[in-house]
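All remarks here apply to the structure that follows.
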Amino acid sequence: MNEVWQKATDRIRETLGQVSYETWIQPLNFVELRERTATIEAPNRFFCEWVGDRYHEVLRDSLSAEAGEPIVVKLTFDAEALPTRARVDAPVKPAPAPSRPAPAAGGDLHPGLPPRYVFNEFVVGASNQFAHAAARAVAHQPGDKYNPLFIYGGVGLGKTHLATAIGHHIWATGNGRCKVLFMPAEVFMNELINSIRRDRMGDFKEKFRRVDALILDDVQFLAGRERTQEEFFHTFNSLHSERHQIVLTSDKTPKEINGLEDRLRNRFESGLIADIAPPDLETRVAIIQKKAALENLPLPAEAALYIAQNVSANVRELEGCLTRIAALASIDKSPITTDFARMALRDLIRTHEPKPDIETIQKIVADFFHIRLLDLKSKKRTQHIAFCRQVAMYLCRKLTESSFPAIGESFGRDHSTVIHAHNLIARRIANDSAFRFSIDKIERELKTTQANAA
Ligand code: ADP
Ligand code: MG
């Protein structure tokens with residue numbers, strides 16, 4: 001990597017802080033620095049525009065400072081990464097920054113949508129920052145650029161919340177005149193079946209094709225439903241050609257939805273795809289605190305931390321735990337202390353994802369990559385084994401509370417090797433969604449193993 005870029009990004013990390021840095025700067029790919037022009041590649045168009053908007057100056061200034069002369073920053077993206085978009089090699093003109101605030105809770109809300117699911121009540125962290133930014137961009141300029149927006153992620157991670165927030169916002173900015181239709185894919189199918197049965201397909205078509213924004217929740221449900229897919233395909237095309245916004249959510253990427261027709265898959269992939277990952281500890285704490293504040297629940301920071309440390313599956317579960325604690329506290333007329341939280345969650349947490357230890361991680365990783373545990377822990381340096389070892393080190397750091405030196409010891413290495421491995425894998429995860437999926441898969445396997453052992 002170019003030294004100027006390396007130093008400039010170190011500088012940017014300090015300026016922006018770790019979360020923004022990891023989300024927006026780390027995934028950038030430095031291409032070259034020639035004739036005072038630094039060419040930097042972003043993973044996709046949305047990313048490119050967002051970075052151009054927000055971080056262009058920071059990039060320019062840090063690069064110029066490190067190079068000792070004024071540097072022009074040229075941001076590009078690989079158009080091949082997103083089908084159906086024109087290739088862009090020229091510097092991308094930054095889009096105007098979305099600046100209008102989200103509608104205030106209780107104020108401009110779509111009457112048919114849950115009032116809690118607004119941007120204001122969504123806590124942003126590294127795991128969902130990209131999807132949140134994408135959703136806001138779409139809410140501010142519906143039908144304009146990222147159409148469709150496809151949000152995917154595991155259960156209870158905020159897909160429906162974000163998609164609904166878009167609906168509220170579009171409705172509010174249109175002063176209630178915009179037709180926003182939010183619908184679970186399953187309901188779409190049921191309505192279709194009823195319309196066919198009652199011979200009212202004309203009405204059905206009319207209803208969907210008249211909307212300004214259509215949000216279809218959980219589209220993975222369309223898998224294998226050929227007739228519904230066919231109808232949705234036409235609805236999609238008709239809305240899209242009129243530049244009406246389409247928002248889709250799913251627990252899988254379009255590629256992973258088996259039983260989805262190729263032509264629909266292509267449509268789903270033709271706009272912007274944004275994922276939501278499980279929240280990290282800091283974000284979980286922030287979510288609990290936000291929910292407690294919204295409920296006027298006095299919750300000491302220590303108790304919030306306790307909950308966040310012990311409940312990590314998804315946000316819905318976090319909410320459930322908080323509700324349970326609040327209910328028990330009100331029955332007992334007791335203040336919520338950490339001890340109280342521990343007592344209230346006792347049964348839930350005992351069965352709840354015990355932390356794997358280093359040996360278990362080593363074993364599962366070795367199994368996953370089909371290498372011998374002995375080799376994983378050996379000094380062997382063949383590329384594949386070294387890579388598996390790095391993955392194992394990364395997961396040990398992420399999932400156990402062990403220090404770098406302690407992890408190093410269990411691999412017969414020193415702590416700097418572990419730090420290096422950790423950074424390498426973290427970077428690759430940020431850059432490569434297929435790789436991130438493999439890592440997720442290993443983590444899920446670990447969870448299952450733990451759950452079965454407990
Ligand atoms: P999904 O559709 O991905 O299964 P939901 O959108 O229904 O998940 O979210 C589950 C619950 O968690 C909802 O009550 C939602 O408000 C809450 N939630 C999820 N992510 C966040 C977040 N980042 N900040 C605040 N609340 C969240
Ligand atoms: Mg949902």
Side-chain angles (χ1 to χ4, degrees), residues 19-20 22-23 102-106 109-110 112-136 138-139 148-169 181-189 214-223 246-254 256-257 268 273-297 299 304 307-308 311-327 348 440 444:
V19 169
S20 300
E22 280 180 11
T23 311
L109 295 179
H110 189 297
L113 296 176
R116 280 200 316 111
Y117 289 179
V118 288
F119 285 119
N120 278 344
E121 293 197 18
F122 192 84
V123 176
V124 184
S127 58
N128 58 29
Q129 195 177 4
F130 186 74
H132 174 259
R136 294 207 54 134
V138 163
L149 171 64
F150 189 100
I151 303 174
Y152 76 93
V155 281
L157 297 183
K159 302 181 297 291
T160 300
H161 187 141
L162 270 186
T164 310
I166 297 174
H168 277 306
H169 197 281
L181 186 60
F182 177 103
M183 191 172 272
E186 188 174 4
V187 175
F188 180 87
M189 186 184 80
L214 174 64
I215 304 165
L216 204 65
D217 202 19
D218 290 320
V219 292
Q220 75 276 359
F221 185 84
L222 299 181
I246 299 160
V247 177
L248 307 164
T249 76
S250 167
D251 65 358
K252 301 184 184 71
T253 65
E256 290 172 329
I257 306 179
F268 289 1
I273 301 183
D275 75 315
I276 307 187
D280 53 26
L281 180 66
E282 289 78 2
T283 312
R284 294 203 298 277
V285 172
I287 290 173
I288 294 171
Q289 284 174 333
K290 176 127 198 166
K291 305 270 171 201
L294 287 168
E295 304 288 330
N296 285 322
L297 198 69
L299 183 73
I307 304 170
V311 183
S312 59
N314 66 50
V315 181
R316 190 172 295 132
E317 212 154 306
L318 270 182
E319 282 182 344
C321 290
L322 191 63
T323 311
R324 179 185 167 108
I325 294 173
L348 296 179
D440 281 350
R444 276 200 298 275

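Residue numbers count from 1 along this sequence. Indexing begins at 1, ligand by ligand and atom by atom, following the structure's order. All of these numbers come straight from a predicted model, not from anything done at the bench.
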Practice item. Carefully, step by step, assess Thr249 and Asp218 under the rule side chain to side chain contact (heavy atoms under 4.5 Å, CB included). Key: CA-CA 5 Å; Thr249 76; Asp218 290 320; 4.1 Å; yes
Revision key, fill the gap. Ile288 and Ala308 have their tightest heavy-atom pair at CD1-N, 3.6 Å
Point to revise | Closest heavy-atom pair and its distance - Pro278, Ser127 | key: O-CB, 3.3 Å
Point to revise | Spacing of CZ belonging to Phe221 relative to CD1 belonging to Ile257, to within rounding of 0.5 Å | key: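 Result: 12.5 Å between the selected atoms.
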Please output the side-chain donor-acceptor pairs of residues 154-166 that fall under 3.5 Å, not counting sequence neighbours, one pair per line with the distance.
from: Lys159; atom 1: NZ; to: Gly153; atom 2: O; distance (Å): 3.0
from: Lys159; atom 1: NZ; to: Gly154; atom 2: O; distance (Å): 2.8
from: Thr160; atom 1: OG1; to: Asp217; atom 2: OD1; distance (Å): 3.4
from: Thr160; atom 1: OG1; to: Asp217; atom 2: OD2; distance (Å): 2.8
from: His161; atom 1: NE2; to: Val118; atom 2: O; distance (Å): 3.0
from: Thr164; atom 1: OG1; to: Thr160; atom 2: O; distance (Å): 2.5

Point to revise | Listed partners of Glu319 passing side-chain hydrogen bond (donor to acceptor under 3.5 Å, both in side chains), at least two apart | key: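 Residues passing side-chain hydrogen bond (donor to acceptor under 3.5 Å, both in side chains) with Glu319: Lys291.
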Review point. Around atom CD of Glu295, are there more than 12 heavy atoms of other residues, nucleotides or ligands at under 6.0 Å?
Key: no
Point to revise | Amino acids in close contact with ligand 1, where any non-hydrogen atom sits under 4.0 angstrom away | key: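 Correct list: Arg116, Tyr117, Glu121, Phe122, Val123, Asn128, Gly154, Val155, Gly156, Leu157, Gly158, Lys159, Thr160, His161, Ile287, Lys291, Val315, Arg316, Glu319.
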Review point. Any donor and acceptor pair, going by atom type alone, linking the side chain of His110 with main-chain N or O of His169 inside 3.5 Å?
Key: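 No; judged by distance alone, with no hydrogens or angles, the pair does not exist.
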Point to revise | Test item: His168 and Phe119 side chains (from C-beta on) under 4.5 Å apart, heavy atoms | key: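 No, side chains not in contact.
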Practice item. Could you give me a count of protein N/O/S atoms that are under 2.8 Å from the Mg ion (ligand 2)? Key: 1
